[in-house]
Structure formats: structure tokens, C-alpha cells
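Model, not experiment: these values are computed from the prediction. In what follows, every chain begins at residue 1, and chains take the letters A, B, ... in the order their sequences are listed. Values reported hereafter were calculated over all heavy atoms of this structure, with side chains retained and with hydrogens, waters and symmetry mates removed.
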Amino acid sequence: MKVVLPDNSELELPDGSTGLDAARAIGPKLADQAVLVRSDGRVQDLRLPLQDGQQLQILTTRDTEDADALWVLRHSSAHLLAEAVRRLYPGVKIAIGPPIENGFYYDFEFPEAVSEEDLPRIEEEIRRELAEGREWRREEVSAEEARKRFEAEEEPYKVELVDTADGPISFYTQGNFTDLCRGPHLQDSRPIKAIKLTGLAGAYWRGDEKNKQLTRIYGTAFYSQEDLDAYLERIEEAKRRDHRRLGVQLDLFHLSDVSPGSPFWHPKGAVIWNQLEALRRRMNEKHGYVEVRTPLIYDSSVWVTSGHWEKYRENMFLIPEGERTYGLKPMNCPGHMLLFNSRIHSYRELPVRYAEASPLHRNELAGALHGLTRVRQVTQDDAHIFVAEDQIEDELDRVLAYVRELYAIFELEPRAELSTRPDNKAGDDELWDHSEAILERVLRTHEMQYAIGEGEGVFYGPKIDLHVTDSLGRSWQMATIQLDYHQPRQFENTFMGGDNREHTPAVIHRAVYGSFERFIGILTEHYAGAFPVWLSPVQVRVIPVGEDHRVAARRLEEALAEFRIEVDERDETVSRRIRDAELEKIPYVIVFGDKESDEALAVRKRGGVQSTLSLEGLRAEISQVATL
RNA sequence: GCCGGAGUAGCUCAGUUGGCAGAGCACUGGUUUUGUAAACCAGGUGGCGCGGGUUCGAGUCCCGCCUCCGGCUCCA
């Protein structure tokens, strides 16, 4: 048989040769360092036989940054973790332990409570294993044999995994520890040069909150100590970017016990909000939206009609008032549908695009709240577009174009996801088939890469979501585009068609920022607090050198009043005031003393670049970036 | 909501086996009049998250609750 190497040369091997055989045929050193086979983007265990004509790349311990090479290292590390835990905690039940982005985890059911204080002890045990050395042995077994084995070991989670497994079942053994595992794994533990347990958390078995909660231990591993150190340093840097920290430092907002999940916006944070709000209005005007305002609270009958009462009530704040119960709106859609019904519409008016950015309230689970990215008071840049059936695709196309135009401004690169029917869907499958197909076609015409979010849709329809990752690697949904046939029927929305008959429109729900709160949180991290000039709460700060320069500084403030400008007259040294301006990430600082005049201003840009500009030259420069 | 951790001054944190609540920054007053990332001196910083309990005595020990942090689940 022959295999094709990365340089396109061919290697002749005996039939049935494995990846390791191939590595040996090339050289003993390669065989020694080999960790994984990759062919056509797929990874394969070194112990498995190769196919005739197969493309072959052998990854080694030197591929320290290769995602697949790290993946196998961490996967094997997870097994070492399980072995250590088994030894230290007799009676522990083991569940699953996959590699994940930046590390790995293993889920356990401990016979006793375990806390983070126990991690060093477990880590020590892993180090002992590493010092002794471990080799992995692979074997294929029948389902019956696998079952018998795990029943004998009293491992109920493994038994369940065997019972639900499809395809051949394989075991990997290292030391006295054997685990059900598809692989691939390292040949031995030598490449694991750095390993660290990073945390511990509860996690439901199979991700279902109806199941038992297990204890998940997180860790990470690298091919060198330097890589681990660099990773830990990156985590520290990410923490410095965290919008919760920067929000306090930059005096943008704060959160308080008195209203969990509802930010207090400070003057500087409000500037950013208002800039985004102005941009929203301009964009909406340009794209044919009309602004509306609808009530915040509605009688429960409205929520019964919309379906929220049945599908969403546990997330709503309810207000009993005499005989009635009001619900504080978690979404704008019902209000917009009631508004649409206030008069007869002609097909000639469609699409009708109602936009509104009023605060919504969602009673999110206490443990789900997170800074600005997960709040209870949500302000979506919402709109509902009423369209005739034959306008749907064209309109979705426009919405997607709008979204891309807006995200380009911030140089955000979101990932698209098509979210399909959820378990608690309203409406029949035929309608969902139809809606999902339309969204898919639109994504294709835009040639957008997208993932499928199986069952992630809203109860009334499927959606296209855009996701952005925060500084800590958590992914957040931002923009959403939802296609809804359900609610317009429920609210009996109609328009008169060209055939002089009543028709029911479809409604496209869309939010482009997603919510102001989350968007500002993500932007803060995206820019590490150094907002572009048009968003900066303070755009220019003037620092008079001494008391004698205050008058001139104030005159400068007036001369440049079209910008957000202020004078720092504090009795502090120039150095001190510059330092403070830098910490506040103000884009322009003007130092004004004896040497300066309108013809020659000392300008310092954020980061420390200094230049001399005339007043008009400075005005021209800032004007370029102070507005969009 | 669930698992684990935490809550002390506006912020970041220290506080031994239960024995008079601390530091730096910020803030206030004074000195200084400042030239591109922290001038100097002095000073108040406080219901130790909330409510019970144990104790002669609780920031410290016990119970309940709230909030926050890391995850899980759920979502913009």
C-alpha cells in the first residue's frame, strides 16, 4: 500500500500498516515524537491501520500550537485526571471527559463533597502518574463485553454510554485505568510537559437539568511549561479586558443588589448608549423603518394570545392589580401586533417596519446573570416587519444587509447560526419546515458560513443569530433575525391584498445590536475600553500647565465645543493629569502652557503619540473621526 | 434554579486559636504652580451583605436568606 505525505511524495508500506508504522518508516525520531495522524482534516489514532492512497500528516510534540495536536494531548490528560481521581476517591463514579477549547474536563459523581481546595491534591497525583509514565493501549470490544466490564466496576454512567453508543466500541487503558473512549490518544504521557487543574463546577449529566448534577473538574495541558505560562498570562490579560472591571474603572455603569441584572448607567456610559441610539435611528431611517412606542405592561390576556403565557411565563415579571394580572413585557412583538391592528392595511403599504427600543424585562435565572451581557432589564434595538408572503425573502435579504453594514462599523466578526424549532414550539411542523428553508436560502444567497443550532429557535419561529465571543471566550448571541407566522395569526393581523381579500402577514422580528446592554459590554471588551473617538465619552481633554493657563484652556474648550471636551483644572502635576487621561482612555489630550498658542497646540493622542497642530488642523483631524 | 467559592471604607485588598476594625488608591484641607503615565504633609473614612443564634465577648463559630464570582441549565 501507499500513502501520500504532505509534500506529495508517496511512501510505500506493507499492507495493514498503522500511522505509527508510517512514522517509523520515515525515521525513528519522528516515531518517537509522533502524537497523531491527520488526513484531509480528520484526525486518526496512530495505532489504527492506514488506507491505501491515504493523505497522511503526522503531528508531533513540536506542533505545540496545532489545535488537533493540543486536542489529543488534553484528551489524554483528561484520562490521567480520571485515573488520579479514581485512586484518591474510592467509590467515585466517572462520567465523561472530553477535551474542550483551551483545555479539558472530566465529570465525576463523588461519594463526598469536593471543593477547589482538593485540586492541588489531585494535581499532585497526576504529576506522580506523569513521573511514573503512562502508556495508552487501545482495544476494540463488543458492546456486551464493555457493558459487563463497567457493570462489574459499578460505573453506571459508562454503562449508559455503552448502551447508547453506535459503531464499534473501543477502550483505552493507561496504568490500571481503562476508559470507554473513541480516541485518539497519545502513545504515552511523555509529551504532557505542563498540566494544570483550573477549576471545578457542577454540571448536569448529559447537560440535562432533570438529571443528576455531577462535579466537573476543568484543566488544561500543554507541550511545554512556557506555553502554559503564556496561556495563564492571556487569561490575566482577558481579565483586564473584562467589561465588568472596565465598566467600573471607566465609570460607565454599576450594578447593585437593589435591582439585580439592571445596570445603573453613569453619565459616561450614557454617552456611549446615546451614540449607539443615534446610530440606530439613522440606520432605521435609511432603511425605511418607522419609530413607534408601545406600553410596557399588558393584561395577561395579551400574553395568552401571543403564546408567552404558555411558553414564556416563568421568565416574566407579573404585576397583580385588583382583578387583573399585568405582565411586564419581555418582548415588543405583541405590542407591535396590536398596533398593527389599529387600522386596516393595504398590501401597497407592506412591508411595514415598526422599530422600538424600549426596556424589556426578563426574569432570568439568578445564576445566569452576568455583567452587561446577561441582564434582566434588556433594551433591544427591536423591530417587527410585517410582510406579505412573496416579500419575505427579499425583506430578509435587506435585514441581513443592514446587519452586515452595522457590524462592519465596529469591525466585529460574528459567527452566524441558524436556530431551528425548539421542543416547546408553537405551530405545526409543516410551517417550521417552510420557515427554516427560507432562512437557509437567505443565508446561502449571502454566502454566509453558518452553524445549525438544533432546537435553539424561539417558540414562535426559527431564527438567524449572530454570535460574538467575549474576552473570556464566552460566546454571546447579538443580532437576531426571526421569522414568525405564529403570532400574526394569533393576533389576527391582516392586510387587504390586490385580490380584495384579507391576508395574514408574516412578521420578521429583528434586533441588530441585540441589546444595548450586551452590545456595550462586548464593545467595551472588543476595544479594551479604548472606544473609537465617536463613541468615547470624553473626546478631548485640555490640561492647562499652570494656573495662568486656565483662561486659555477654557477658551479652547469653547472653540472646540462641537466635541465632547473638558478641562482638567485640578491642582495636580501635568504628568499626573496625563496619566489619569490615559487611564480614562481619552483619545485626545491637549497640554496648554506658555509655549502653546492657537497656531501651535501640543496634542497627545491616546497611547502617547505627540504632535503639534494648529487649532484648525486639530479640529479637522478630530472631525474626521468624531462622527461616523 | 443547580454545584463550588466569595461578600470588610467609593475602589483593590489584609485581618492569627473569638478579645479596641487595618493598608494603598480615591476623597477633604493645607503646602506646591506644576511640561507629557502617580508632587508633599495632615485628616474623617466603616450599620464588617441582611436576619437570627451560640458566647462575658462574634468580622471571625452555627443556621436561614440576599447578592456577586466560576461553571451547568436557560437566553439578547
Side-chain angles (χ1 to χ4, degrees), chain A residues 105 107 110 113-119 198-218 242 244-245 248-249 251 254-261 312 314-315 330-331 360 362-376 378-382 419 422 453 456 458 463 465-468 472 474 476-480 482 509-519 521-522 543-550 570-583 589-596 602-605 607-610:
Chain A
Y105 67 80
D107 284 349
F110 281 96
V114 170
S115 79
E116 295 206 5
E117 287 165 20
D118 299 293
L119 295 183
T198 52
L200 170 151
Y204 300 104
W205 167 238
R206 299 207 145 175
D208 188 337
E209 64 180 326
K210 290 183 203 74
N211 288 339
K212 189 162 186 106
Q213 185 151 32
L214 308 174
T215 303
R216 176 170 297 177
I217 297 179
Y218 287 92
D242 191 319
R244 291 166 300 182
R245 186 191 175 94
V248 172
Q249 250 170 42
D251 197 19
H254 82 267
L255 292 157
S256 160
D257 291 6
V258 299
S259 187
Y312 204 78
E314 66 278 15
N315 282 308
M331 301 181 191
L360 310 174
R362 299 177 180 182
N363 197 358
E364 303 289 354
L365 294 176
L369 299 180
H370 183 92
L372 291 178
T373 46
R374 191 72 185 275
V375 291
R376 287 209 173 114
V378 191
T379 313
Q380 289 186 318
D381 60 324
D382 210 359
S419 298
E456 308 263 305
V458 203
K463 55 181 185 161
D465 295 324
L466 294 188
H467 296 255
V468 173
L472 298 173
R474 284 180 278 227
W476 298 99
Q477 183 186 316
M478 311 289 282
T480 183
Q482 309 171 348
H509 308 236
R510 50 111 278 188
V512 187
Y513 294 136
S515 77
F516 282 78
E517 291 85 358
R518 181 175 290 178
F519 199 78
I522 291 292
I543 298 179
V545 172
E547 271 171 14
D548 298 345
H549 309 109
R550 286 182 186 171
R570 285 177 307 158
D571 180 20
E572 296 286 354
T573 61
V574 171
S575 293
R576 173 50 184 269
R577 284 176 285 167
I578 283 178
R579 175 183 150 84
D580 287 347
E582 284 288 351
L583 290 176
V589 174
I590 305 172
V591 176
F592 200 100
D594 286 339
K595 296 181 233 163
E596 283 73 30
V603 179
R604 179 192 166 103
K605 290 219 262 190
V609 180
Q610 288 171 242

Donor/acceptor link under 3.5 angstrom from [X] side chain onto base of [N]:
X      : N     : answer
A:Y204 : B:G1  : yes
A:D548 : B:U33 : no
A:E596 : B:G35 : yes

Which of the following nucleotides, [options], is nearest to the side chain of [X]?
X      : options             : result
A:D594 : B:C25, B:G1, B:G35  : B:G35
A:V574 : B:A76, B:U36, B:G4  : B:U36
A:P260 : B:U67, B:A39, B:C75 : B:U67
A:A203 : B:C72, B:A37, B:C75 : B:C72
A:R579 : B:A38, B:G35, B:A39 : B:A38
A:S575 : B:C75, B:C68, B:A38 : B:A38
A:L583 : B:A37, B:U36, B:U73 : B:A37

(request) Scan every strand shown for a Watson-Crick or G-U wobble partner of B:C68, both distances under 3.5 Å, and answer none if you come up empty. (result)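 Checking every strand shown, B:C68 finds its partner in B:G5, with both distances under 3.5 Å.
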(message) When both hydrogen-bonding distances must be under 3.5 Å and the geometry is Watson-Crick or G-U wobble, what is B:G47 paired with, if anything?
(response)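 Across any shown strand, B:G47 pairs with none.
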Side chains of [X] and [Y], heavy atoms from C-beta outward: is any pair under 4.5 Å?
X      : Y      : answer
A:I522 : A:M478 : yes
A:Y312 : A:M331 : yes
A:R604 : A:E582 : yes

Identify whether any heavy atom of [X] sits under 4.0 Å from a base atom; if not, whether one sits that close to sugar-phosphate; answer base, sugar-phosphate or nothing.
X      : result
A:V591 : base
A:K463 : sugar-phosphate
A:E314 : nothing
A:A581 : nothing
A:R216 : sugar-phosphate
A:Q477 : sugar-phosphate
A:E582 : base

(request) For A:D242 and for A:T480, locate the closest nucleotide of RNA chain B by heavy-atom distance; then report the residue assigned to the nucleotide nearer the 5' terminus. (result)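 So the residue in question is A:D242.
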(request) Between A:H370 and A:V378, just flag the one whose closest nucleotide in RNA chain B comes earlier from the 5' side. (result)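 Whichever sits nearer the 5' end wins; that is A:H370.
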(request) Rounded to whole angstrom, note down the C1' distance from B:C62 over to B:G18. (result)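 Approximately 13 Å lies between the C1' atom of B:C62 and that of B:G18.
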(request) Please measure how far the P atom in B:C63 lies from the corresponding atom in B:G22, and state the result in whole Å. (result)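 The same atom, P, in both gives a distance of 30 Å.
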(message) Tell me whether A:K463 is salt-bridged to A:E456, with the criterion being a basic N under 4.0 Å from an acidic carboxylate O.
(response)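 No, no charged N to carboxylate O under 4.0 Å.
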